[in-house]
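Down below is the structure, laid out as structure tokens.
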Amino acid sequence: MSETMRWRTKSAVGAAAVIAGAVVSCAQTFADTLESAMAQAYVNNPQLNAQRAVVRATDEGVPSALAGYRPRAAVTANVGMQSLSTTTREIGSSTPAGAAASYFTQSGANTPHGVGATVTQTLLNGFQTSNRTRLAENQVLAARETLRNIEQTVLLSAATAYMNLLRDGAILELQRSNVDVLQEQLRQSRQRLQSGNVTATDVSQSESRLEVGRTQVFAAQANFETSKAVYRQVIGVDPGKLSSAAPVDRFTPNALSAAIAAGTSQNPNVNAAQYNVDIALLQVKINEGALLPTVTLQGSVQKNYESALNSLQTFNASIGGQVSVPIYQGGAEFASIRQAKETHGQRQLDLDVARDQARAIVVQAWAQLDAAKSSIESTKGQVKAAESALNGVREEARLGQRTTLDVLNAQQELVSARIAVVVAQRDRLVFSYGLLAAIGRLSPQVLGLPVPKYDPVVHYQQVRDSWAGVRTPDGR
């Protein structure tokens with residue numbers, strides 16, 4: 001077998017092996033699964049942890065609202081010093097006319113002090129306390145939906161970062177393999193130049209294409225390093241050995257209509273918008289409650305010592321009710337009611353927008369996934385055809401029917417086809433996760449990630465009925 005034929009056979013075998021092993025080769029270079037990477041992002045991602053803190057802070061709005069049902073107590077104490085001097089004139093009925101009056105002077109100093117306590121209980125305030133409690137509870141539910149949306153965003157970003165790193169690693173291997181093939185092509189061109197089968201122009205073309213290939217390697221290396229940095233940012237740890245992953249089509253509906261129905265009902269943005277409508281309506285009721293009477297009950301006790309020079313101590317206890325009926329406060333309360341009603345109308349429109357956006361996102365994700373599925377088959381056919389074309393062009397070039405430039409172009413087409421397969425495989429998986437997120441089902445529970453699930457209800461139950469204490473449930 002001639003050297004040219006041996007190189008042709010070697011190149012054909014290598015071409016078949018590169019596309020089959022590009023992603024595998026990259027996976028062997030790195031040791032994590034996609035599920036473990038997403039689990040690490042679920043635990044480590046600072047954006048997600050920050051939103052969890054936001055939800056915990058929102059939980060405290062409920063006990064703050066419930067405080068309106070509870071009594072308010074205060075203890076007072078006072079102490080001071082006083083000096084008193086009093087002069088009085090006394091004229092009695094027995095005093096002779098023209099006689100001088102009698103004067104008496106009383107003076108002294110004491111230290112008055114005392115303690116007291118007051119308890120106030122609101123009995124009626126226009127149902128503002130109950131409406132504030134319901135509003136706070138809906139704010140908690142809305143915050144949980146926002147948290148769920150952030151969870152989906154982080155998990156989708158983790159899947160995207162994982163697959164981007166696999167993709168760019170595979171493309172880097174393809175570009176390096178392409179440089180090896182171009183180096184062999186240049187070597188053969190120089191040999192054929194010495195034998196007089198090609199011209200110096202063919203050699204220059206091979207040299208030029210080799211430098212282009214090296215430039216593409218540098219670009220692929222830069223993309224690979226960028227993907228590693230993004231992986232570290234999203235996942236929270238440096239990548240290890242990345243293994244291949246599978247789509248999550250088993251968790252998504254089989255029909256577009258079912259996916260749209262799920263997206264418009266389960267998408268966290270839609271649910272959060274619905275809670276915001278309820279919050280705005282409750283705010284209207286709270287503001288209207290300011291026009292209703294307020295009834296309070298107050299009891300107090302007070303004991304004072306040495307309040308006067310001739311008083312050793314006094315004790316006072318009282319209990320009473322108060323009814324306050326607002327008549328007119330300048331019109332501010334009416335303006336706040338009108339403002340709250342306009343906000344409620346805005347929130348209803350926001351809900352319609354959220355539903356329309358959710359529907360559009362589902363349709364887009366569905367179309368992208370379908371296109372990615374079809375692209376995999378077409379790009380594989382493109383690779384097969386490009387391999388056959390390259391082999392034919394090389395054979396024709398050996399017989400003098402094709403130029404070196406034809407061979408180089410066919411080689412570049414094959415590399416492009418192989419890269420297209422890698423990109424299509426990446427898109428196939430990422431878009432399946434994108435569809436799962438669009439319908440609101442991208443969660444550790446659905447995916448079965450090996451990580452303890454964060455349950456916001458736990459903290460809520462810990463603080464909801466708390467009457468006192470400044471420490472958080474985790475001890476801070």
Side-chain angles (χ1 to χ4, degrees), residues 8 10-30 34 156 159-182 185 209 212-213 215-224 226-227 230 242-250 252 256 363-395 406-436:
R8 176 174 170 270
K10 177 181 177 182
S11 298
V13 174
V18 166
I19 188 60
V23 176
V24 176
S25 174
C26 179
Q28 291 174 348
T29 305
F30 297 111
L34 177 56
L156 180 58
T160 303
Y162 187 97
M163 293 307 300
N164 285 351
L165 186 56
L166 276 179
R167 176 201 62 194
D168 292 340
I171 292 176
L172 178 59
E173 291 297 323
L174 288 171
Q175 296 292 2
R176 286 172 175 170
S177 177
N178 180 49
V179 168
D180 293 339
V181 172
L182 292 174
Q185 174 69 34
R209 194 58 60 90
V212 171
T215 301
Q216 291 171 340
V217 169
F218 298 148
Q221 182 68 46
N223 292 336
F224 181 68
T226 300
S227 294
V230 173
L242 305 188
S243 59
S244 59
V248 287
D249 297 344
R250 61 189 183 280
T252 56
L256 176 58
V363 173
Q364 180 185 17
W366 188 277
Q368 288 175 330
L369 182 57
D370 274 350
K373 292 177 181 178
S374 301
S375 295
I376 290 179
E377 297 303 322
S378 62
T379 53
K380 286 182 178 178
Q382 180 184 354
V383 168
K384 184 176 180 180
E387 288 176 343
S388 177
L390 177 60
N391 292 333
V393 169
R394 281 173 176 163
E395 181 64 24
D406 293 330
V407 177
L408 295 172
N409 289 338
Q411 171 65 24
Q412 183 59 46
E413 289 179 1
L414 177 57
V415 173
S416 299
R418 290 170 178 167
I419 291 176
V421 171
V422 173
V423 172
Q425 290 172 340
R426 174 265 181 198
D427 292 345
R428 168 75 175 85
L429 188 138
V430 171
F431 291 153
S432 71
Y433 277 92
L435 178 59
L436 193 62

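Count residues from 1 along the sequence.
No donor-acceptor pair closer than 3.5 Å links the side chain of Ser374 to the backbone N or O of Ala371. When atom types are taken as modelled, the side chain of Asn391 and the backbone of Glu387 share a donor-acceptor pair closer than 3.5 angstrom. Ser177 places no side-chain N or O within 3.5 Å of a backbone atom of Glu173 that could act as its donor or acceptor partner.
Inter-residue side-chain proximity for Val383 and Thr379 is flagged as unmet; no heavy-atom pair is nearer than 4.5 Å. Put simply, the side chain of Met163 does not reach to within 4.5 Å of the side chain of Asp427, judged on heavy atoms.
Only one option out of Val179, Leu174, Asn178 pairs with Val217 in a side chain to side chain contact (heavy atoms under 4.5 Å, CB included); it is Val179. Under the side chain to side chain contact (heavy atoms under 4.5 Å, CB included) test applied with Asn223, the options Asn164, Leu165, Asp168 reduce to a single match, Asp168.
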Side chain to side chain contact (heavy atoms under 4.5 Å, CB included) assessment of Gln175 paired with Val415: CA-CA 8 Å; Gln175 296 292 2; Val415 173; 4.2 Å; yes

Verdict with supporting geometry, Ile171 and Arg418, side chain to side chain contact (heavy atoms under 4.5 Å, CB included): CA-CA 9 Å; Ile171 292 176; Arg418 290 170 178 167; over 6 Å; no

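Arg167 CZ to Phe224 CZ: the interatomic distance, rounded to the nearest 0.5 Å, is 12.0 Å. Of the inter-residue distances, the one linking Trp366 atom CH2 with Thr252 atom OG1 reads 6.5 Å to the nearest 0.5 angstrom. To the nearest 0.5 angstrom, Asp249 atom CG is 4.0 Å from Arg428 atom CZ. In this structure, the separation between CG on Leu166 and OG on Ser243 is 8.0 Å, given to the nearest 0.5 Å.
Judged as a salt bridge (Lys or Arg N to Asp or Glu O under 4.0 Å), not a single pair has a partner in residues 375-384 (not counting sequence neighbours).
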